[in-house]
Amino acid sequence: MHSIFIQPVLNFWSGYIRLVTRYPTLGSIFPFIPLLLLWSVVVDAEFFPRSFFPGPADVAKAFYDLSRKGILLAYLEDSVVRLVVGAAAGMFAGVFLGLLVGLNAGFYRALWPILLFFQAIGDIAWLPLLIIWFGFGIKTMTFVIVYTVLFPVVLNTVLGVRSIPLDLHRAAQSLGASRWSILTNVVLPGALPNIMTGLRNGLGYGWRALIAAEMIVGTSGIGFMMFDARRSGSVVEILLGMIILGLLWYAVDALILAPIERATGQRWGMVTQ
Amino acid sequence: MKSLTINNLSKTYFDPYAAKHLTAVHDVSLDVPEGEFVSIVGPSGCGKTTILNMIAGFLPASSGEIIVDGRLVSGPGPDRGVVFQSHALFPWKTVLENVAFGPKMRGVGLKEREAIALDYLALAGLSHAAERYPNELSGGMQQRVGVVRALANEPAVLLMDEPFASVDAQTRMTLQEELTRIWQARRPTILFITHDVPEAVFLANRVVVLSKGRVLEQVEIDLPRPRSWDTMMENETFKQLSARVLQLVRAA
């Protein structure tokens with residue numbers, strides 16, 4: 001007689017599993033539903049004044065208002081363009097430097113300790129110096145983001161290059177490959193899964209560093225919007241900014257990083273899913 | 001003249017921990033005429049892999065000379081195909097791309113090199129796996145692709161470094177039989193390194209027993225071909241030769 005009560009639950013669970021297996025995106029969305037409900041309930045109970053702790057509906061309204069005025073999109077664009085430009089520069093410089101250090105024992109000995117040293121000096125720790133050098137503005141933000149993306153990419157590229165089995169180099173050599181062919185056919189694809197890991201970390205750190213930099217030295221962008229909202233005491237805009245940061249990372253992961261990883265390292269059996 | 005000749009080859013290492021020179025290979029001379037199948041057998045540490053690495057050009061020799069196809073060896077090159085124990089297939093290339101890699105490096109066009117690769121894959125019964133990635137194959141199939149990839153580049157000499165040591169016993173016997181069949185069909189010049197005495201005797205025309213970096217003895221293997229394990233296991237000559245080589249290796 002228990003089964004009368006349990007069976008529907010089992011059926012529901014089975015249906016849920018089948019649904020999210022078929023549409024993995026839904027599997028990423030559903031867990032937020034209870035979270036949103038909890039948030040609404042806490043807000044509606046009025047433990048805190050509404051202006052202090054607004055609910056999902058207020059944030060949605062703020063999203064609508066700011067979008068309609070065009071402010072949100074403009075700020076979002078500013079932040080994303082800074083991230084893309086900075087990340088691209090950091091990635092190219094990082095892969096290049098990583099190949100150099102990974103392939104050449106001399107460069108490795110000379111540069112590895114230095115890389116570790118500067119990697120440990122966090123992006124934000126540079127800000128006081130950068131503000132003196134470059135002032136409040138785009139130069140400082142660009143430096144911060146390139147710096148933040150660069151190190152994870154360099155370190156992981158070096159790791160990737162050095163983890164390619166010696167036999168693969170030898171196999172390519174005895175099949176007649178030139179140094180250039182070995183670079184393009186062995187070293188780059190062999191290091192790619194690690195480069196992707198570096199890029200993933202770099203983008204994650206870079207995104208955070210950018211928001212922090214925008215708060216301190218920015219005149220536009222999501223970070224600026226949130227910090228500016230603090231002055232006018234607009235909690236709803238701060239929450240909106242936070243939610244956008246999280247959503248944007250989801251988009252970068254789902255649209256860019258994950259597809260590349262599925263098509264390369266995971267396909268080749270070099271990383272486990 | 002696709003032969004391999006080694007004259008007075010030696011290799012000494014400096015061991016920085018012991019602060020002295022160690023001799024891994026001592027004054028080895030060897031001749032592998034065109035189209036012959038020679039095995040080098042010996043216990044681990046006897047220097048057999050060091051010899052192969054010097055022939056392949058991966059390691060410089062301390063003294064002596066290696067002549068392949070009439071030319072002095074001074075580094076790795078496509079005239080010496082290598083089959084590795086670790087199969088060393090490129091994980092990011094399909095089986096077809098792996099096998100076509102040597103011809104690609106020679107500048108053979110796409111259509112032609114794929115035709116070459118498919119021809120060699122068919123030789124090893126691998127046509128169905130052409131579009132798969134190495135990680136999707138069994139260990140035995142990976143080794144077959146490794147052999148075929150080296151052969152497809154038509155090297156003067158094929159160097160094989162314990163290629164079947166890490167596959168299971170049944171698969172190993174099948175691979176050995178296939179290798180003798182392929183050798184009979186194409187007659188490449190092969191130098192095969194192994195620590196497995198029956199394997200060395202089963203495959204080769206001649207077995208070189210190596211001990212402490214020196215050639216201990218060379219044993220001619222006068223067995224009929226085609227060879228299969230079903231007949232070899234009952235063959236008296238095979239048993240006697242295996243026993244003889246085993247004694248030499250154990251005494252080494």
Side-chain angles (χ1 to χ4, degrees), chain A residues 95 98-99 102-106 108-109 156-157 159-199 257-273, chain B residues 49 52-53 55-59 68 73 75-94 97-108 113 117 131-137 142 145-146 148-163:
Chain A
V95 170
L99 291 176
L103 287 173
N104 185 295
Y108 182 80
R109 258 196 284 274
N156 279 287
T157 304
L159 190 71
V161 169
R162 289 172 70 89
S163 66
I164 298 169
L166 180 61
D167 278 351
L168 291 188
H169 283 268
R170 289 178 162 180
Q173 283 180 316
S174 51
L175 288 165
S178 62
R179 288 174 76 100
W180 175 253
S181 294
I182 290 175
L183 185 70
T184 55
N185 286 282
V186 179
V187 176
L188 276 175
L192 190 62
N194 284 87
I195 293 175
M196 287 305 297
T197 304
L199 188 60
L257 297 176
I260 298 178
E261 285 166 345
R262 272 198 299 273
T264 58
Q266 288 177 10
R267 179 102 199 263
W268 306 332
M270 293 165 70
V271 282
T272 45
Q273 274 89 329
Chain B
T49 294
L52 183 128
N53 283 338
I55 300 170
F58 301 146
L59 287 177
V68 170
V73 165
D79 54 335
R80 285 145 292 142
V82 182
V83 182
F84 299 85
Q85 186 184 337
S86 66
H87 72 70
L89 299 174
F90 304 120
W92 41 85
K93 291 184 186 292
T94 62
E97 289 166 347
N98 264 284
V99 178
F101 185 75
K104 184 183 176 185
M105 292 299 109
R106 271 186 291 156
V108 177
R113 67 178 183 251
E131 295 305 325
R132 285 153 81 180
Y133 283 94
N135 75 304
E136 299 166 335
L137 308 181
Q142 290 169 339
V145 178
V148 157
R149 180 179 66 174
L151 278 174
N153 209 24
E154 287 168 5
V157 180
L158 189 62
L159 306 170
M160 305 184 77
D161 187 10
E162 305 206 36

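Chain letters run A, B, ... following the sequence lines, proteins first, then strands; residues in each count from 1. Side chains included, hydrogens not; waters and symmetry mates left out as well; all remaining heavy atoms used.
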Taking all non-hydrogen atoms of both residues into account, name the closest pair between [X] and [Y] and its distance.
X        : Y        : result
B:Leu89  : A:Leu168 : O-CD2, 3.4 Å
A:Ser174 : B:Arg80  : CB-O, 3.5 Å
B:Phe90  : A:Val186 : CE2-CG2, 3.7 Å
B:Asn135 : A:Arg267 : OD1-O, 3.4 Å
A:Ala171 : B:Arg149 : CB-NH2, 3.4 Å
B:Asn153 : A:Leu175 : ND2-O, 3.4 Å

How would you list, by chain and number, every residue that makes a salt bridge (charged side-chain N to carboxylate O under 4.0 Å, His left out) with B:Glu97, sequence neighbours excluded?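 B:Glu97 satisfies salt bridge (charged side-chain N to carboxylate O under 4.0 Å, His left out) with no residue once adjacent residues are dropped.
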
Measure B:Leu159 against the heavy atoms of chain A and call it side chain, backbone, both or neither at under 4.5 Å.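 For B:Leu159, neither part sits under 4.5 Å from chain A.
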
Whatever's closer than 4.5 Å to a heavy atom in chain A on B:Asn53 counts as side chain

Applying a strict 4.5 Å limit to non-hydrogen atoms, the region of A:Pro189 in contact with chain B is both

Checklist entry - Counting N and O atoms only, with roles assigned by atom type, does the side chain of B:Trp92 sit under 3.5 Å from a partner on the main chain of A:Asn185, one being a donor and the other an acceptor? => result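 Confirmed, B:Trp92 side chain pairs with A:Asn185 backbone.
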
Just give me the residue among B:Gly75, B:Ala88, B:Pro91 that pairs up with chain A most often, heavy atom to heavy atom, under 4.5 Å.
->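 Heavy-atom pairs under 4.5 Å are most numerous for B:Pro91.
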
